[in-house]
Every structure is written in C-alpha cells, then in structure tokens.
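Chain A is the first sequence line, chain B the second, and so forth, proteins listed ahead of strands; every chain is numbered from 1. Model, not experiment: these values are computed from the prediction. Values below: every heavy atom of this structure, side chains too, minus hydrogens, waters and symmetry copies.
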Amino acid sequence: MAKLDESLIAALAPFQKLDRHQIREILDQAVPKRHDEGSEIFREGEEADRFFLLLDGFVRVVRTTPTGEQVILRHIPPGQLIGIAPALGRPTYPASALSASESLTLAWPVRLWAVFLERYPGFASHAMSAMGQRFQELHDHVTELATKAVEQRVAACVLRMVNQSGRKVEGGIEIAFPVTRANIAEMTGTTLHTVSRLLSAWERDGIVESRRKHIVVTAPHRLVILSGATG
DNA sequence: GCATTAAATAGAA
DNA sequence: TTCTATTTAATGC
C-alpha cells in the first residue's frame, strides 16, 4: 500500500503541534479505509479495539433502543477523532458510527491511545477540549429535548447541522451531507411526518428549500428565531 | 400541539 | 418494477 501523505493530517487540530517526523510515525501506524454511504464504521457494544480519525465525509453516531428505534446522537464533521470513548477506558463502543456520506477514516489500535497522549504534544489537551465541547453540546441538547416544542427542536437541529457542515450555495447554505426527514425525526424525538410538515411549511415561507435528502437554508436568521434560541 | 394511521405520489436503483 | 423518500389528509389524545 502506498504511503499516506503527511498533508492529510498535518493541519488537523489533534496533530497541529507535531513535527513532520511525528506525523510520519502516526501515519505509518494508521489503517485507512473508505466507507460507502450508510455503511457501519463500528457497532454499539462491539469490542472497542480501535479509534478513528475522520478524514473526509460525515459520520452519524447512532444508538438503537431495545424496541428497535434509532436515535441519532450527533454528526461528526471531517477532521475529528471518533470512537475515542473506548480509548479512555471503555471495553466496548457506546454507540454505532454510520457513514452519513461516502467517507474516509484512519484507524489505530486502541493501545496506541496512551502512546499518543504521552508522546505527542498537544494531543492530550486537544482530546480533552474536544470532549469538553461534546459535553457542552450534549447538555444543550438534553435541555432542548426536555424544554422545547417540536418546531423549535427541529429548527435548532437544522441549524446545528448547518453550523457544523453548512456549505454556501446560491441562495443559502446547504447541509453538506444527505439527511432524510426520518433522520431529523430521529435526532429530535418526533416523527418523520411532523418533520415533513414543518419543512413544507418553512418552504412555503421561504425559510428553506429542500429536495430529497438535501436541505438548503435560505433564511437562517428566521430559523434562529423559530428555534427560540436563548443565547 | 402533536402522534398515529393510512393512502398517494414521485424519484432512485 | 420495486424500494425508498416524501407529502397530505383524517382521526384521536
């Protein structure tokens, strides 16, 4: 297999402070893999033997309830580490990771986590602040689920995806990975029918434009108002 | 205000 | 065609 190019990860947050030699060491131990849209990167409950870096594409973190319902916990944008809870001491993955769009990951055996922390400057502090950020988002999300009405939750959800993955297109900002109404329902604790009705209503009001699996937000400020944002 | 059920339409494989 | 995504209406809590 051809060697991975150092430029792949040299600029990414977890590795920013490293020199070329260290980047090389890290890459030489990585296993790259391409994932088709919808394919599973790792599964909830499975032995957590690796952690990953998402190089390209988007990943959906998903839990399945005993009754078979899916809950989407979060989306991960490119450049982030995933499957790292195991590296912090869990024997199994706490959730499944699905490729939301065609994507590319690097994987390392979990025993290297401790080596990375010790050896590579900035890696540990990055990992910690990334976890802190996820906690913050989690707290916001729980509060939102507990207190907001459905329309506000769906508006906040769409905004969150736009903020993390929005790409500018003519007339607005598009969510950069495929999302269905059922997906949004799984993130917001409602039904796809309600999401469909809301998006249709917003489209009539000129706030969004959507085709199948694609959403363009044409009036983000109005979505912010609908979300009942506090900050 | 929102879920559930059901039925129709339309795009993609 | 068959499968999947989406819309829309009707009904009930």
Note to self: Which residue in the set A/Leu54, A/Ile26, A/Leu27, A/Val31 passes side-chain contact (heavy atoms from CB on, under 4.5 Å) when paired with A/Leu106?
What the structure shows: A/Leu27
Check: CD of A/Glu203 versus P of C/dA5: gap in Å, rounded?
Finding: 19 Å
Note to self: Heavy atoms from C-beta onward define the side chain here; which of C/dA5, C/dT7, B/dA3 lies closest to that of A/Thr180?
What the structure shows: C/dA5
Next item on the list: May I have the distance from A/Ile215 (atom CD1) to C/dA5 (atom C1'), rounded to whole angstrom?
Entry: 12 Å
Margin query: At less than 4.0 Å, is any side-chain N or O atom of A/Thr194 found next to OP1 or OP2 of B/dA3? Yes or no.
Written below: yes
Note to self: Quick check on B/dA3: is either OP1 or OP2 less than 4.0 Å from any side-chain nitrogen or oxygen of A/Thr190?
What the structure shows: yes
Next item on the list: Would you mind listing every salt bridge (Lys or Arg N to Asp or Glu O under 4.0 Å) that reaches into residues 56-67 of chain A, with sequence neighbours excluded?
Entry: A/Glu44-A/Arg63
Margin query: Categorize A/Leu192 for me: base, sugar-phosphate, or nothing, with a 4.0 angstrom heavy-atom threshold over every strand shown.
Written below: base
Item checked: For A/Thr188 against A/Leu145, the heavy-atom pair lying closest together -> O-CD2, 3.6 Å
Item checked: Donor-acceptor pair under 3.5 Å, A/His193 side chain vs C/dA9 base -> no
Note to self: Expressed as a whole number of angstroms, how long is the span from A/Lys213:NZ to C/dC3:P?
What the structure shows: 16 Å
Item checked: Atom-to-atom span, CD of A/Glu37 to C1' of B/dA13 - whole angstrom -> 13 Å
Checklist line | Protein-nucleotide distance (A/Lys148, atom NZ; B/dG1, atom C1'), rounded to Å | finding: 17 Å
Checklist line | Rounded distance (Å) that lies between atom P of C/dT6 and atom CH2 of A/Trp202 | finding: 15 Å
Note to self: Contact between A/Asp140 and A/Gln136 at the side-chain level, heavy atoms closer than 4.5 Å - yes or no?
What the structure shows: yes
Notebook entry, point to check: For A/Arg212 and A/Ser200, take the nucleotide of DNA chain C holding the closest heavy atom to each; which residue's nucleotide lies nearer the 5' end?
Noted result: A/Arg212
Checklist line | Between P of C/dT4 and NE2 of A/His214, the distance in whole Å | finding: 18 Å
Next item on the list: Just do the side chain to side chain contact (heavy atoms under 4.5 Å, CB included) check on A/His126 and A/Gln16 with the steps written out, would you?
Entry: CA-CA 10 Å; A/His126 172 268; A/Gln16 245 170 21; over 6 Å; no
Notebook entry, point to check: For A/Arg181 and B/dA10, what is the distance between atoms CZ and P respectively, to the nearest whole Å?
Noted result: 16 Å
Notebook entry, point to check: Within the pair A/Arg197 and C/dT7, is there a side-chain N or O less than 4.0 Å away from OP1 or OP2?
Noted result: no
Check: Checking all strands, does A/Ser196 fall into the base, sugar-phosphate, or nothing category for heavy-atom contacts under 4.0 angstrom?
Finding: base
